[in-house]
Structure formats: structure tokens, C-alpha cells
2 protein chains.
Amino acid sequence: MPDPSGPNSVPSANALITKLERFATFSEVEREAIGDLDASSEWIAPGKSIITAGDSPEAVLPLLEGLAYRHKDFRDGRRQILSLLLPGDICGGSGELSGPADYGVRSLSRARIARIESAHFIAIVRAHPAIALALIKSALVEQAIQRAWIVNLGQRHAHERIAHLLCEVAHRMNDCGLVLSHGGFELPLTQHELGSALGLTSVHTNRVLQQLRAEQLIEFQGGVVHIHDAPRLQALADFDPAYLS
Amino acid sequence: MPDPSGPNSVPSANALITKLERFATFSEVEREAIGDLDASSEWIAPGKSIITAGDSPEAVLPLLEGLAYRHKDFRDGRRQILSLLLPGDICGGSGELSGPADYGVRSLSRARIARIESAHFIAIVRAHPAIALALIKSALVEQAIQRAWIVNLGQRHAHERIAHLLCEVAHRMNDCGLVLSHGGFELPLTQHELGSALGLTSVHTNRVLQQLRAEQLIEFQGGVVHIHDAPRLQALADFDPAYLS
DNA sequence: CGGTTGATTGAGGCTGCTCAAAAGGTGTGG
DNA sequence: CCACACCTTTTGAGCAGCCTCAATCAACCG
């Protein structure tokens with residue numbers, strides 16, 4: 001049944017469905033239940049706030065296109081980036097599902113965000129066990145990623161931290177089909193932001209990036225990452241991609 | 001309908017049900033679906049391995065009584081404690097739900113662990129949307145706790161880290177009814193293990209604990225924690241308990 | 001009482017931080 | 001097309017929080 005491309009016939013596959021289908025097989029009924037998120041979606045410019053700490057959007061906000069990150073800011077200026085969000089990831093939510101956000105979310109690039117009202121989201125989960133299971137599995141993978149960050153911040157040295165984060169992102173970008181033809185990928189973080197994800201200052205991040213560049217391991221410029229020697233980078237980071245799936 | 005205390009009539013309330021009921025209201029049907037975990041449970045001595053990294057237990061292992069922790073070990077001896085597990089928490093699982101464990105789990109005290117076969121667990125989730133939702137909410141809280149650890153490790157100084165972790169544990173212990181009559185609680189970690197949770201060496205952990213003790217903030221000895229000045233400790237840690245529920 | 005584990009103390013060193021400034025890039029307005 | 005502002009990257013110098021190595025002390029246990 002090729003090309004049912006009449007307008008409004010079949011909702012276009014969106015990043016959320018694509019991601020959840022990594023964890024479960026959905027029937028057409030379930031795909032329709034998640035529905036046409038394009039309809040509710042909105043484009044956001046780079047660097048804009050999607051969720052502010054303390055917000056209660058009363059909805060679930062999946063990221064359909066573009067990149068974003070969660071972050072926690074201190075009053076005194078310290079800032080920690082908590083996670084990088086790729087298409088299919090859920091930026092956050094609240095309402096019946098959870099309390100007000102304990103973090104903010106910002107777009108890294110032009111990004112498209114959908115909006116599923118909390119009550120509707122819960123109704124979907126109640127009605128479709130396959131979706132509930134996929135969400136649980138997806139949450140478990142997200143926990144594994146967070147554990148990897150805990151290990152990174154708690155035990156690894158600066159160059160190991162950078163290496164590990166870039167290995168993780170490279171894999172996740174690949175899963176999202178976001179690796180460019182020449183093998184690099186777009187990651188429009190400043191060195192200051194990269195440092196905030198790694199628990200390092202921008203000064204130190206800069207110096208270590210220069211070392212890694214000098215060793216022909218990676219390149220990080222203009223918001224594009226090139227990994228020149230993946231095996232050596234993975235060895236340096238002690239990276240094992242098993243946790244990402 | 002008081003006291004149906006005939007043998008094998010109503011499964012005794014267990015810590016897993018108690019925890020999930022913080023997130024949803026269960027009917028008797030749902031409580032029975034989770035079932036009598038006592039039957040499948042086993043006591044484990046302190047300091048024993050419950051899950052070994054790389055394991056695939058093909059089951060979900062809820063902690064019913066006692067304390068445990070997840071940890072990741074490096075070949076070179078570095079170790080990071082990833083989370084503290086209290087009664088009601090799920091130590092881990094694998095099988096259809098997730099890949100092999102990327103972490104190990106050890107008991108901190110005498111502990112009772114239940115075992116729910118993966119296939120059975122998935123059947124329960126499929127059949128009971130209320131349980132699925134409670135699991136999702138529970139996973140979201142666990143993610144929030146992990147984010148707090150990321151912030152701790154990435155941005156806070158040693159004394160702030162210790163303060164924040166103890167605030168978190170005090171709250172969670174209280175939720176589990178594990179705060180002792182005199183206000184303290186049992187946390188049988190060595191200073192070395194506490195350091196492993198905080199990304200610090202045991203030597204530095206020791207010195208900072210002495211400072212906090214000297215400032216009349218806390219006491220940490222013989223596996224028992226006393227918080228002498230909770231408001232000041234929370235201020236030091238910039239602790240806000242909202243994320244724990 | 002020796003052995004083991006954990007807490008404590010000391011001295012010295014390194015990773016990563018702070019403060020400060022300069023250099024390079026980019027967009028805007030005159 | 002230049003001047004200017006702004007942001008990011010880069011570099012330098014000095015400092016400090018935390019680490020490493022090592023030894024001692026205290027408690028518990030067979």
C-alpha cells in the first residue's frame with residue numbers, strides 16, 4: 001500500500017514514535033493513538049527557553065526536531081547541564097505525571113516541540129499497554145544515560161569526560177540518523193556549555209579540547225564534532241555503548 | 001472488614017506496593033496482581049552482591065527490606081556509587097525489559113529481595129494500567145534523584161555534596177518510615193563508600209565530615225547519621241525536597 | 001594477642017579553578 | 001565599508017581544593 005499521501009490521511013511518522021518503536025512493536029492503532037503531533041507542534045528558535053525551572057506545563061513536551069538540553073542553574077552563577085535532548089526525547093512534563101520541573105530546558109538549535117496535554121497522555125498510556133511498556137523501557141535507558149553521566153562526573157578526568165560524552169552523543173546521533181555524510185555531527189554547544197555538562201570550566205575545557213585535537217582524536221569547531229579515531233577515543237573513555245539500548 | 005488474618009488470605013502489604021501507592025491509588029485487584037512477594041523473597045547478608053555488572057537476571061528484583069546500593073567499578077580500582085536503594089526501590093532487572101545490567105548492586109545491611117520473573121512483570125504491566133502509570137511516575141522520581149546527583153557531582157564542593165546527599169537520604173528514609181526515634185537514621189556506609197558516592201576520596205571525605213561535625217551540623221558514626229541542624233544543612237546544600245515526590 | 005577493617009592525620013603534589021586579558025569572528029548600524 | 005559591540009576561543013599566571021602516598025590509631029574478632 002504505497003504512498004497514502006493524501007492530506008491528513010496517515011499521520012507522518014514522528015520522532016517520538018520512531019524512538020518508542022525502538023522499544024516495542026506498535027500496531028497502526030497505537031501509532032494513531034500517539035497521533036499527529038505535527039498538528040500541535042511549534043518551531044522554536046535556537047537558544048530559547050522551552051521549560052523554565054518551576055514550570056508546570058500540564059503537558060508532555062516531546063522534541064520532534066532539533067536539539068535541546070536540560071539544565072539547572074544556581075543563584076551564584078554555577079550551572080549544570082543535565083542531559084542532551086535529541087529528536088524523540090521528551091523535554092519534560094508535569095501535571096498529574098510529576099511535580100513542577102526541577103530543571104530548565106533550552107533549545108540548542110532550531111527545534112520543533114510537540115505538546116500532549118497531561119490528561120490525554122495519561123489516557124493514551126492507560127489505553128495502550130504497548131505504549132506504556134515502551135515508555136518504561138525508554139525511561140530505563142534514560143536512567144542508564146544519567147548513570148553514565150554520574151560516573152563521568154564522579155570518577156573520570158577531564159579528557160576522559162569529554163571523550164565519553166562525545167562517544168555517547170555520537171551513538172545517539174547515529175540512532176537518530178543525524179550523522180552527517182562525512183561522519184561528523186552537529187552539536188552547537190559552546191565550550192562553556194560543554195564544560196557545564198562535564199563539570200568543568202570553559203577555560204579547562206578549552207585546554208583539554210586542544211590536547212585531544214593535537215592527538216588527532218577529535219575536532220570540535222563551529223558546532224560540528226568530528227571523531228577522527230573512534231576506537232582510540234572509546235578506549236580513552238572506557239566507553240561501552242551497551243547501555244544506550 | 002478488620003483483620004482477615006487467616007494464613008495466605010491477603011498478601012501482606014510489601015514495600016514495593018507501599019512505594020507505588022505513593023504514585024497511584026490501587027484497587028484490591030491491583031494489589032493482588034503484584035501479589036505476595038514475600039513468597040519469592042530471600043534474605044541476604046550485608047555486603048553481598050545482589051546483581052553483578054553484566055548479569056541478566058531475567059527478572060525484576062525489588063528490595064523489600066534493608067538497604068543496598070548500585071555501583072560501577074573500574075578495572076583500575078575507581079568506583080562510583082550510583083544510587084542508594086531503600087525498601088520499595090527496584091534493585092534492577094533485565095530480560096525483555098532492558099539489556100544486561102551496566103552496574104552492580106550490593107546489600108548495605110541485611111536485606112530482603114523479591115524476584116518477579118520478567119515475563120510475569122510485563123504481563124502485570126500490560127494488564128494493569130494503574131500499575132504501569134505508577135511505575136512511570138516512580139521512574140520519573142528516580143530520574144530526578146539521579147539529576148540531583150549529577151548536579152552534586154558536577155557543581156558542588158565537598159561539604160555541599162555531603163550535605164545534599166544526607167538531606168536527600170534523610171527525606172527518603174522518612175518516607176520509608178526508617179527514621180529512628182531520636183531523629184537519626186541508619187546508613188551503614190563506610191567513609192570510603194560515602195566518598196565513592198560523592199566523587200571524593202575517603203581521606204577528603206573524612207576531613208570534611210570532621211568539619212561538619214565541628215560545626216554541629218551532623219554526626220556520622222557507627223553507620224548512624226544524626227542531623228543536628230537541618231535548616232542550616234539544607235541551606236548549605238541548597239536542598240529543596242520538591243523533586244523527591 | 002595478632003589480624004583485619006575503618007577512621008584519622010600528615011606532607012607534598014597535581015588537576016582543575018580563578019582572575020585577567022587578548023585575539024578571533026560575526027552581526028549591526030552608521 | 002568601516003566602526004563598534006558582543007560572543008567565543010585562546011592564553012597566561014597564580015592559586016586551592018582535592019588527591020596520593022604513607023603511617024598511625026582505634027575497634028572489633030577469632
Side-chain angles (χ1 to χ4, degrees), chain A residues 45-48 69 74 76-81 106-110 152-165 186-214 218-226 236-237, chain B residues 45-48 69 74 76-81 106-109 152-165 186-214 218-226 236:
Chain A
K48 294 293 176 209
Y69 62 85
F74 287 57
D76 63 10
R78 284 180 284 182
R79 147 175 291 205
Q80 177 66 41
I81 290 184
R106 280 171 68 94
S107 56
L108 261 179
S109 63
R110 215 167 86 87
N152 225 21
L153 292 164
Q155 299 301 329
R156 284 199 259 260
H157 288 182
H159 50 280
E160 299 170 325
R161 290 188 206 181
I162 293 180
H164 199 280
L165 183 64
E186 283 190 39
L187 185 66
L189 288 171
T190 65
Q191 293 183 6
H192 185 83
E193 289 169 320
L194 182 61
S196 297
L198 297 167
L200 302 170
T201 58
S202 60
V203 173
H204 199 60
T205 303
N206 176 275
R207 293 199 231 259
V208 177
L209 278 175
Q210 290 180 52
Q211 286 178 32
L212 296 177
R213 193 186 314 153
I218 57 164
E219 200 123 358
F220 184 96
Q221 58 179 328
V224 177
V225 177
H226 282 270
L236 173 60
Chain B
K48 294 294 176 209
Y69 62 86
F74 287 58
D76 64 9
R78 284 181 283 182
R79 148 175 289 203
Q80 178 66 42
I81 290 183
R106 280 170 68 93
S107 56
L108 259 180
S109 62
N152 225 20
L153 292 164
Q155 299 300 329
R156 285 200 258 260
H157 289 181
H159 46 104
E160 299 170 325
R161 289 188 206 180
I162 293 178
H164 198 280
L165 183 63
E186 283 191 39
L187 185 65
L189 286 171
T190 65
Q191 292 184 5
H192 185 83
E193 289 169 319
L194 182 62
S196 296
L198 296 167
L200 303 169
T201 58
S202 60
V203 173
H204 199 60
T205 303
N206 176 276
R207 293 197 233 260
V208 177
L209 279 176
Q210 289 180 53
Q211 285 178 34
L212 296 176
R213 193 185 314 154
I218 57 164
E219 200 124 357
F220 184 96
Q221 58 177 329
V224 177
V225 177
H226 281 271
L236 173 59

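A, B, ... follow the sequence lines: proteins, then strands. Residue 1 opens every chain.
A:Leu189 has its CG atom 18 Å from the P atom of D:dC7, to the nearest Å. Whole-Å rounding puts the B:Arg156 CZ to D:dC18 P distance at 14 Å. Atom NE2 in A:His192 sits about 11 Å away from atom P in C:dT18, given to the nearest Å. The NE2 atom of B:His159 sits 7 Å away from the P atom of D:dC18 (whole-angstrom rounding). Counting to the nearest Å, the P atom of C:dA7 and the CG atom of B:Leu212 are 15 Å from each other. As a whole-Å value, the separation of A:His157 NE2 from C:dC17 C1' is 15 Å. When rounded to the nearest whole Å, the span between NE2 of A:His204 and C1' of D:dT9 equals 16 Å. The nearest whole Å value for the distance from the CD atom in B:Gln221 to the C1' atom in D:dA26 is 13 Å.
Here D:dC18 is the nucleotide among D:dT8, D:dC18, C:dT8 with the atom lying nearest to any side-chain atom of B:Ala158. With C:dG10, D:dC18, C:dC17 as the candidates, the nucleotide lying closest to the side chain of B:Val203 is C:dG10.
Within 6.0 Å of the NE2 atom in B:His192, the count of heavy atoms belonging to other residues, nucleotides or ligands does not exceed 12.
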For this session: Kindly determine whether B:Glu193 and B:Arg106 satisfy salt bridge (charged side-chain N to carboxylate O under 4.0 Å, His left out), including the steps that lead there.
Result: CA-CA 12 Å; B:Glu193 289 169 319; B:Arg106 280 170 68 93; 5.4 Å; no

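Proximity of B:Gln210 to the phosphate of C:dT9: a side-chain N or O atom is located under 4.0 Å from OP1 or OP2. Regarding contacts with the backbone of D:dC19, a side-chain N or O of B:Thr201 is found under 4.0 angstrom from either OP1 or OP2. Taking only side-chain nitrogens and oxygens, A:Arg78 never comes nearer than 4.0 Å to OP1 or OP2 of C:dC17. Close to C:dA7, at under 4.0 Å from its OP1 or OP2, lies no side-chain N or O of B:Asn206. OP1 or OP2 of C:dT8 lies within a sub-4.0 Å distance of a side-chain N or O belonging to B:Gln191.
Across all strands, B:Gly222 comes closer than 4.0 Å to no nucleic acid atom at all (heavy-atom distances). Within 4.0 Å (heavy atoms only), B:Gly195 reaches no atom of the nucleic acid at all. Within 4.0 Å (heavy atoms only), B:Leu200 reaches sugar-phosphate atoms of the nucleic acid but no base atom.
If you take CG on A:Leu108 and CG on A:Leu187, they are separated by 7.0 Å, rounding to the nearest 0.5 Å. With values rounded to the nearest 0.5 angstrom, A:His159 atom NE2 is found 12.5 Å from A:Leu209 atom CG. Rounded to the nearest 0.5 Å, atoms CD (A:Gln155) and CZ (A:Arg161) are 9.5 Å apart.
Between the base of D:dG17 and the side chain of B:Arg207 there is no donor-acceptor pair shorter than 3.5 Å. Remark: the A:Arg161 side chain and the C:dG16 base include no donor-acceptor N/O pair separated by less than 3.5 Å.
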